[in-house]
Structures are given as structure tokens and as C-alpha cells.
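Residue numbers start from 1 in every chain, and the chains themselves are labelled A, B, ... in the order their sequence lines are given, proteins ahead of strands. These values consider heavy atoms only, across backbone and side chains, with no hydrogens, waters or symmetry-generated copies.
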There are 2 protein chains.
Amino acid sequence: MPRAFAAGDEELVEAEHLIRDQMSGLDLDLQALAAVSNIFRAATAVRNHMERDVLAVHALSWTAFVVLFVLRVWGEQSSRDLAAEAGVTGGTLTGVLDTLERKGLTERSVHPDDGRKVTVRLTDEGVDAVDGVMPAFNVEEAKVTGGLTTTETNNLASLLRTVLRTTSELNQR
Amino acid sequence: MPRAFAAGDEELVEAEHLIRDQMSGLDLDLQALAAVSNIFRAATAVRNHMERDVLAVHALSWTAFVVLFVLRVWGEQSSRDLAAEAGVTGGTLTGVLDTLERKGLTERSVHPDDGRKVTVRLTDEGVDAVDGVMPAFNVEEAKVTGGLTTTETNNLASLLRTVLRTTSELNQR
DNA sequence: ACACTACTGTTTGGGTCCAAACGTCCGGTT
DNA sequence: AACCGGACGTTTGGACCCAAACAGTAGTGT
């Protein structure tokens, strides 16, 4: 039984207290530590849940789904923009697109005006794949946030936007 | 320039509106969608930042650091518990421990009372590695949460604990 | 003793994932 | 026309990651 992933708030907070006790010599910002590590604990738990209960049924990896979703919402675009939007490097995207293309969900074509660029687009099967998975995916999203009120859910999204914005500015330097 | 990772709240919210417009036929819970996808956007951005600006200096991967950190705080433990705590499968941990052992940061030994179990512990070099990286890591944690007040940071950690607890309960079934 | 079941860590195969090296292409300069 | 710096996608090498198959150990029952 994974200790930090189990049980209620008390045990999770207890884990943070243990960190404080073990690392007391290092003078750490424990609020920041708790917030950041909870972002990752939550992301890992939710991602595992989604991969096992939703994506595995459709034989899609997490990244493959994100790429398809971005293409579905933002439309066809260059490989470079797509990689940035999906949060992976260009080299990674090449491999993911190889897989998706083999499944017939996406297609690539050289940009007519710029021979360096590659335009990526969803096939009809790709559109069907996203629209087929998305409702089930969203049901699970609603479940994992089911312990929060609507106000809290919006508040969480807003706080994370602030973290995201701050981090983006740091990464740009 | 990654569109969704750039700029301020307006543009991030705008991305959520685009999703609403493009997926209007699917009747989605958009609050849940925004909260969950922001968890991943934030996690990805923060992780990339940490890997590039902190971990790369010490030639540590993200997972390797998490494993070392868990061992540092919780002490020596079985491979099974360590995997659960670090959020990876047992098979993954075997490979990570191979790498860490090659670097001399951890060591494995068969449990004296149960020949199936393997006890993993930090070497002295491993302790030094964690204590050497942790302060720099925490400084960056403070930076990425720097856009939030102390109250907001604690609130974020608390909301994420609720998501984590809810998801854990889902995963146990 | 013997089977039977459950548990633990490892191996395997396929798929990400990144940084860095590479080849190609564009636009402007000489 | 040949060059050159920059941008783009791909390839490469090593590490990570999971599910599933595997081998060894433990405990139970017969």
C-alpha cells in the first residue's frame, strides 16, 4: 500500500511533517515544497488513472492523446508549434507522429511555401478517435475533481494558471 | 513560442474558451477539464524547468531524484514500497536502481528474513547527493510559486491533496 | 514431503522522452 | 552565383516507463 497515496488529509500532511523533520538542517521553504510536490503527486495519480481506465481501452498513450487533442482543438499546424503546445520536444514528437501515422490517425505534409516546415493534420479517423475518447476522459476528470466544490475547482485552475505563468517566464530566460 | 504556455491569465483562459467552442457538441464538464489540464500543464512546465536548471547540473533524472528523495526522507525500505512511494512500477524501479547503483548512490541487499524482498538504502554519497541538490531545488520551488501569496500556496497544496485522495480511492477499485 | 497459492523483484518488448548531432531548407550578403 | 547564419524536422544514444511474462521465495494445506 503506497503510504503517501493512501488515506486522508491527515496522512498526507503527516508526510510533509516527516519531510520537515528529516530535512530540518536545510532551511527549506516547506509551503513551496508541499505545493510543488503535490502538483506532481496529483498529476501522477490522475495520469495513471486515465491511462489505465480510459486511454488503454483505445490503445492510446498519454502523449499520443494530448497530441490528438491539440490537433482537434487548435487545428492543423506545424510540427514545431504542435510540439510546444503538447509539451514535448521536437524529437519526441517525431516518434509519436510515426506511431499515430501508422495507426492512420494523423498525416504529415511538407509546407507548400516553406520546405523546412511540416504541417500535421488529423485524419477523419483521428477526429473520430478524439471525439470517441473525450467524453469518457471528461467523465473521469469530473470524478477526480469530485471532492471539490465548483468554486474550489475554479480556484484550483486559477492558482495553477499562476504557477504556469510564473514558470513559463522562468523558462524563457 | 508555445501559445498555451506563454503570456498571462487572459490567454490561458482564452485557450479554455477555444476548447469550449471546438468541443461544444460533446457536453463536457469544462471546469473539471480546465482544472485537470492545468495540473498537467503546470506539472510539465515545472518539471522541465527543474530538469534543465537544477537536476541536469547534477546529472540526475527526475525519477532518480524522486527515488533518492524518498529514501532520504523515509529511510531504507523494500523495493516494492519505494516504487509505490515514488509513483513508478516495480519494473521501472529496477532500471532506475541499476542506474543509481552504477553511480554509487544507492545499494540493494536481500532481506535477511524474507528472500523475496530487497532492501534499498542510500549510500553516504547518495545522502550527500540529495542534500547537495535539495536546497537549489527548493529555491526553484519557491520561485515557481512566487506568484502566489503564502495563503494561496497553502490553499493550492490543500486542494491538490483533495484531488490526490479522490484519485487514490478511484485507483484502488 | 508434496502440492498449491500468493508475493516479490527482474526481464522483456514496445513505446515514450530528452539533448545533441545531423541534413535540409530559407533568406540575406558578398 | 556562392556563401552563411538561422530555422526546421529527423536521427541517434541513453534513460525511463508500463504491462505482461518470468523465476524464485514464502506460507498454507494435505
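Residue B/V36 is tested with A/L160, A/V144, A/L156, A/T153 for a side chain to side chain contact (heavy atoms under 4.5 Å, CB included); the sole match is A/V144.
Across all strands, B/T99 comes closer than 4.0 Å only to sugar-phosphate atoms, never to a base (heavy-atom distances). Among the heavy atoms of the strands, none lies under 4.0 Å from A/G95. Contacts of B/T94 with the nucleic acid, taken as non-hydrogen atoms under 4.0 Å apart, include base atoms.
Note that CD of B/E107 is 8.5 Å distant from CG of B/D124, once rounded to the nearest 0.5 Å.
Residues B/M50 and A/L26 share a single hydrophobic cluster, defined by chaining ILVMFWY side chains whose heavy atoms lie under 4.5 Å apart. Note on B/V70: it clusters hydrophobically with B/W62, by side-chain heavy-atom contacts below 4.5 Å among ILVMFWY residues.
The CG-C1' distance, from B/D114 to C/dT8, rounds to 8 Å in whole Å. The separation between A/L93 atom CG and D/dT10 atom P is 8 Å, rounded to whole Å. Regarding B/H111, its NE2 atom lies at a distance of 19 Å from the C1' atom of C/dT10, rounded to whole Å. The CH2-P distance, from B/W62 to D/dG14, rounds to 25 Å in whole Å. Atom P of nucleotide D/dA15 and atom CG of B/L55 are separated by 15 Å, given to the nearest angstrom. Taking atom CG of A/D98 as the reference point, atom C1' of D/dT10 lies 9 Å away to the nearest angstrom. For the pair B/R102 CZ and D/dC16 P, the interatomic distance rounds to 8 Å; values are reported in whole Å. Look at CZ on B/F65: it is 19 Å from P on C/dC18, rounded to the nearest Å.
Side-chain contact between A/T166 and B/K143 is absent, with no heavy atoms from C-beta onward closer than 4.5 Å. Put simply, the side chain of A/L82 reaches to within 4.5 Å of the side chain of A/V67, judged on heavy atoms.
A centroid separation of less than 6.0 Å is found between the aromatic rings of A/F137 and A/F65.
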Under 3.5 Å between N/O atoms: give me all the protein pairs with nucleotides 2-4 of chain D, atom names plus distance.
none

Extract from the structure each pairing of a protein N or O with an N or O of nucleotides 19-21 of chain D at less than 3.5 Å, listing the distance.
none

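Between B/D113 and B/G90, the residue whose closest nucleotide on DNA chain D is further toward the 5' end is B/G90. Projected onto DNA chain C by closest heavy-atom contact, B/E51 and B/V118 fall at different nucleotides, the more 5' of which corresponds to B/V118.
Between A/S61 and the phosphate of C/dT16, there is a side-chain N or O to OP1/OP2 separation shorter than 4.0 Å. Between B/T63 and D/dC17, a side-chain N or O to OP1/OP2 separation shorter than 4.0 Å is present.
A salt bridge links A/R108 with A/D98: the closest approach of a Lys/Arg side-chain nitrogen to an acidic carboxylate oxygen falls below 4.0 angstrom. Using a 4.0 Å cut-off between a side-chain N of Lys or Arg and a carboxylate O of Asp or Glu, A/R47 and A/E51 qualify as a salt bridge.
Residue B/V96 has its side chain nearest to D/dC17 when only D/dC17, C/dT8, C/dT16 are considered. Listed nucleotides C/dA6, D/dC16, C/dC25 differ in distance to B/R116; the shortest reach to its side chain belongs to C/dA6. The nucleotide whose nearest atom lies closest to any side-chain atom of A/V88 is, among D/dC17, D/dG9, C/dC18, C/dC18.
Here the side chain of A/T145 pairs a donor or acceptor atom with the backbone of A/E141 at under 3.5 angstrom.
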